[in-house]
Every structure is written in C-alpha cells, then in structure tokens.
Amino acid sequence: MRPAHCASTLLASNGNVRQRHSLHPAGHHAARCWRLLGVAALVALQITLIRVQPALAAPGDLVADVLAVASYPQSVAPSIAFDGHYLYHTGYGDSVLHRLNVPPAGGASTATGEYDVTIQGAATGIMTLSYDSGRDAFWAVSGDGLSIYLLTKSGLASLAFTIDPATDRPGFQPVGDYPNEIKIAYDAADDTIWYSSDAGVRIYHYHTFADGSGTADLVAGTPYIDIAHLFITAAGCPYYFEYTKTGGKVAVYPYNRYDSPTSAEDLECDDVSYAVPVFWVRDAFDGHIRAFEQPPGTPCVYGGGPRPTARLALAIAATGPTAGAGFTFTVVAQDRFGSLTPRYGGTVHFTSTDASSGVILPPDSSLSGGQGTFSATLIKAGPQTITATDAANASVTGSLTVTVQAASAASLILRTPASAKPGQAFAASVTLNDRFGNLATGYTGTVHFTSSDPLATLPADYTFNAADGGVHGFSVTLMTPTIPTLPGQTITVTDTANASLGATSPPVNVSPL
C-alpha cells in the first residue's frame, strides 16, 4: 500500500473520501481505529500506550517499538493481533501465522520469541486478524476478502461464512491499488464482526454465523455504517482519529514521536502489557510494530471488547463430599459462550439447599481473574446444591449439585416388637447412623447378637455390605416366657470390632397369651 496524503478532511463522512482504514472497536465509546490506508471495519481492543519519545503521557505517545526481523512479511495489508500474552501478525494472503513476544517498554527493540505456524484450511491465505478472547481464536478474512474464518493458534482455519458480493455488501465500492484488501474487527459486545474495504468509507456489520443460505448475515439494526465511532489511523499521517458509531468525529490524536508510522496498517488493543492501555499499530513497510497510548476515558479491553458475565459455573473435582467434612469447589465467571470472563469484578454470595445446623458456606467473596476456589461443609446426606449468585445481579448465577455421603457409623439402632410368643420367630432390624443422623449407607462392619433369653435362637454374626445401605433385617425367636415380676427378655447387638457401637432392645414381653 502506498501512504495516503494526510489531511483531516480524509475523515469526512462522505463518499468522496478515499482512505485506507483499519478498524478496531474501542471500549468506553465502542471506538475504532481506522487506518487511512483503507477503511477496514476492524473491531479493535482499546489499549493505553506509554509514551517513550517524547516523554509525555498523552494519547499517541509511543510506549513500545519492536522490529520483527525474522518473521515480518514484506507485503501490503499486514495484520496485528494480541491475545493477552503474545503478538500475532500476518501479511496479505499469508499462509503463515507469526507470533512474537511483547517487547519491553521503551525504544525500538528486536523481536524475541518468534514462532511460526502454517495456516491450513484457507485456500487463499489470510489477510487480517482480530482476536476473540472468548473463543481464544482469531477471526480472519481470506486473501480474496470474501471468506471469514475462525483461526486457531495452531493454524487451523474453519470457514464461518462467505460474503456474497451481490447481497452482503450493499453499496460496496472497491477503490485504490488493492481493491480486494479487507479489514475486519471482532466486537465482543454483541458477538459481531465489522468488515470494510481498504480504501472505502462504508463498514459492514455481520453476525459471526451464516444466514440460512450459508452466507454473511448482516446485523439488522446496523447492517453498515459510513464511518462510525471508531479509532482510525491513516497511512502516512501522524494522527489517529476517534469517531462515534453514528459517524461523528470525536477527536484527533497525534502520534507523539519523531518518526510516525509511514503506513499504519492495523490496530489491536492491549491493556495488560504496560502501565497504560495501548494500541498496537502495524506498519506496512518498515517492519515495525508499535504501541501507542490510548486516549483516556475509553478503557481498552483486548480480545474484541468486554464480555458481560452471563453465569457463574461451579465445579468440584471429587465425586462427592462427606457429611461434616470440608471440601473445595471452584467458581468461574463465564460469558454466554462458556468462556472465562477474567474481568468479572462482582461479589459472589453463596447459598445451599442444606439448611442443617453445622453447614459452613464461604463468605461473600470476589473472584481473582474471574475464578476462585472455595471451601464448604455440608451435613445432610444425599443430593444437595450450592448456588453462587452475583450479589448485585441475581441473573448472574450458577449452581453445583453434589451427593453428600454419610460419615462413618456412629450409632446403632435395634428395632424389635414390644411382645412375642414363645418359640415364634419375629422380625428385628439393625440401622446404622452417622453422628449427624444420616443413614450410614457405607457401613460394612460385622454385628454379633446376644440375648437375656438363654434359649433364644439368634441370627449368626452378619457382615453388612453396600446393598444393605446401613439397614438390615433379621429373624429372632425367644423361648423363655416373661416372669410377671421381672421385665421381658432383651436382645443386644454389637459391632465385633467396636464394642462402643451397639444397642440393646427394650424388653420384649414373651407370653403365650
């Protein structure tokens, strides 16, 4: 691309403007940065840049500068993307995804950590990237400008939809030396993609999915805009511009450095690498990728913009907690796609279906990076639910259902009838409970029977098993009739390995009557 003449009139919202733009959705104002190299509706994340030269703290100040020597594609339409850890870039119709480390703040440095992967699945290569933090992948436009892919970091491109030039780009007017050059940007606010030609003034707005015919699905409310509230950069121009999504120009910011980019090709937001948010700007010809301070009041959020937290996902690693014993579980703030929302700043309140005395739930807590690990203690055996809810927004909630296992057997209950006839068998049962009154379903001890009746027929020693579930029935026969002046006969059952675990029945009146 050849640098365009720099003039503020280039940003006028009219059909006579011939600009090359790169799009990037901004935070507070949903702003975008466009390069006057070709209007590319690229949703960019806002980034605050720390200025190195000159030593001022203002929008446009240079924060970092890296020369990507080994992997820099020497071609037009280079793209830049940032995933919170690394910088990624491609060239025009590139078949290689290039990665490098974020440079230190300061003057120009040589790229480190350069790593390349081959792009597979995109027949005409990739032209422009835009990172989607929710999917941890890149939205990418093909070398012919008509196919939109979801590109993984391993280089696999999956076709999301194609663009029908006749129906999906109303009023499209290719201009300039590279009429097929396209810029795109991902907007996480509504999960959409902005799309524009390199030197046009119309930006198209698509859903991330295809319509019924398999082609691009224009957003009904805003199918396109003619220069929107965006940040825009201009090739060969030492300024970048801020527009509203309705086309109003907000401000102009100079690149506060002595050698501004000769051809600013693409923008990406970064609010984690430096002390201030920045825009990464990719130059077409000099091999540099630079970070410039972002205007105040428009928070940068890398990866397409902020994703509102839709739910809280709870999980436990163990199969189930034990009554009265603490266990840990995790809470993760997720967006509507099920992806982590690390910027979640709410307070989480915990409740449970178990209202038993002794239940311990975490206090109201915040999450670190959108996730946290907590401890709880439940008492009542069986399925129980723990629910986490945003204290200020009840719609942001999530639940975890666990099956609480009874604790070890702490008491034994022997049930017998109040009376029996001599020589006639009757039913008795033995029940094991834990210290909370839960049925000790896991009890597998052996019990032994004795009786005050020396002639009684008693059950043999019995070992409980899992099928018993802590309860087993037995048959008992008493023979010695009760003497009127004495109490009835009793039965005693005791754990053979734990003499303290046992019980004696109430007296049974043994009478032939």
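A pairwise comparison of heavy atoms in A137 and T152 identifies CB-CA, 4.4 Å as the closest pair. Closest of all the heavy-atom pairs between Y149 and A123 is OH-N, 4.0 Å. The minimum heavy-atom distance linking A376 with I386 is given by the pair CB-CD1, 3.9 Å. Scanning all heavy atoms of the two residues, the minimum distance from P104 to Y274 falls at C-CE2, 4.1 Å. Minimum interatomic distance between T416 and A428 (heavy atoms only, all atoms of both residues): CG2-CB, 3.9 Å. Minimum interatomic distance between Y344 and G370 (heavy atoms only, all atoms of both residues): CB-CA, 4.4 Å.
Judged purely by distance below 3.5 Å, without hydrogens or angles, the side chains of T322 and Q405 never pair a donor atom with an acceptor atom. Inspection of the D354 and S352 side chains reveals no N or O donor paired with an N or O acceptor under 3.5 Å. Side-chain contact, S451 with D453: no donor N or O sits under 3.5 Å from an acceptor N or O. T162 and S147 share no side-chain donor-acceptor pair at under 3.5 Å.
The backbone N or O of G488 sits nowhere less than 3.5 Å from a side-chain atom of T482 that would complete a donor-acceptor pair. Under a 3.5 Å cut-off, the side chain of T353 and the backbone N or O of T385 do form a donor-acceptor pair. In this structure, T128 contributes its side chain and I182 its backbone to a donor-acceptor pair below 3.5 Å. Using modelled atom types, one side-chain atom of N438 and one backbone atom of I379 make a donor-acceptor pair closer than 3.5 Å. No donor-acceptor pair closer than 3.5 Å links the side chain of T496 to the backbone N or O of H448. Judged by distance alone, with hydrogens and angles left aside, the side-chain atoms of S365 form a donor-acceptor pair with the main-chain N or O of P363 at under 3.5 Å. For D168 (side chain) and I163 (main-chain N/O), no donor-acceptor pair under 3.5 Å exists by modelled atom type. No donor-acceptor pair closer than 3.5 Å links the side chain of S375 to the backbone N or O of T328. D187 places no side-chain N or O within donor-acceptor distance of the main-chain N or O of T192, the cut-off being under 3.5 Å. In terms of modelled atom types and a separation under 3.5 Å, the side chain of T90 and the main chain of D94 share no donor-acceptor contact.
Looking at H472 and V430, their side chains never come closer than 4.5 Å, going by heavy atoms from C-beta outward. A heavy-atom distance below 4.5 Å is found between the side chains of L312 and V396. Two residues are said to be in side-chain contact when any heavy atoms from C-beta on lie closer than 4.5 Å; L100 and H89 meet this criterion. With contacts defined as side-chain heavy-atom distances shorter than 4.5 Å, the pair I126/L97 does not qualify. Within the 4.5 Å cutoff, the side chain of L87 has heavy atoms near those of the P103 side chain. Using a 4.5 Å cut-off on side-chain heavy atoms (C-beta onward), I413 and N433 make contact. You'll find the side chain of R135 reaches within 4.5 Å of the side chain of T208, heavy atoms only. The closest side-chain heavy-atom distance from T480 to V510 is not below 4.5 Å.
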_Could you go through R282 and L129, starting from their C-alpha distance and side-chain angles, then the distance that decides it, and tell me whether this counts as side chain to side chain contact (heavy atoms under 4.5 Å, CB included)?_
CA-CA 12 Å; R282 176 69 186 278; L129 300 171; over 6 Å; no

*Could you check L432 against D468 for side chain to side chain contact (heavy atoms under 4.5 Å, CB included), going step by step and ending with a plain yes or no?*
CA-CA 10 Å; L432 283 301; D468 291 319; over 6 Å; no

_Criterion side chain to side chain contact (heavy atoms under 4.5 Å, CB included) on F209 and F161, from CA distance to verdict_ = CA-CA 7 Å; F209 50 81; F161 58 85; 5.9 Å; no

*Given side chain to side chain contact (heavy atoms under 4.5 Å, CB included), test S356 with F436 step by step and report yes or no.*
CA-CA 9 Å; S356 306; F436 304 107; over 6 Å; no

_Working for ring pair (Phe, Tyr, Trp, His ring centres under 6.0 Å), residues Y86 and Y115_ = CA-CA 10 Å; Y86 300 100; Y115 177 77; 9.0 Å; no

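Rounding to the nearest 0.5 Å gives a distance of 7.5 Å between CG of L478 and CG of L458. Atoms CG and OG1, on L412 and T431 in that order, are 8.0 Å from each other to the nearest 0.5 Å. Separation of atoms CG (D136) and CG (L150) is listed at 10.0 Å; rounding is to 0.5 Å. Note that the CZ atom of F449 and the OG1 atom of T457 stand 13.5 Å from one another [nearest 0.5 Å]. Taking OG of S154 as the reference point, atom CD1 of I119 lies at 10.5 Å (rounded to 0.5 Å). In this structure, CG in D495 is found 7.0 Å from OG1 in T446, a value given to the nearest 0.5 Å.
Between F464 and Y462, the ring planes are perpendicular. Angles over 60° get that label, and only those under 30° would be called parallel. Using the six-membered ring where Trp is involved, Y186 and W139 have ring planes that are parallel, under 30° apart on the 30 and 60° scheme.
A centroid separation of 6.0 Å or more is found between the aromatic rings of Y88 and Y131.
Applying the side-chain contact (heavy atoms from CB on, under 4.5 Å) test between H205 and each of I193, V219, L218 identifies V219 as the sole match. Between T389 and the choices T347, T397, T351, the side chain to side chain donor-acceptor pair (under 3.5 Å) rule is met once, by T397.
Looking at K153 and D83, a side-chain N of the basic residue comes within less than 4.0 Å of a carboxylate O on the acidic one, giving a salt bridge.
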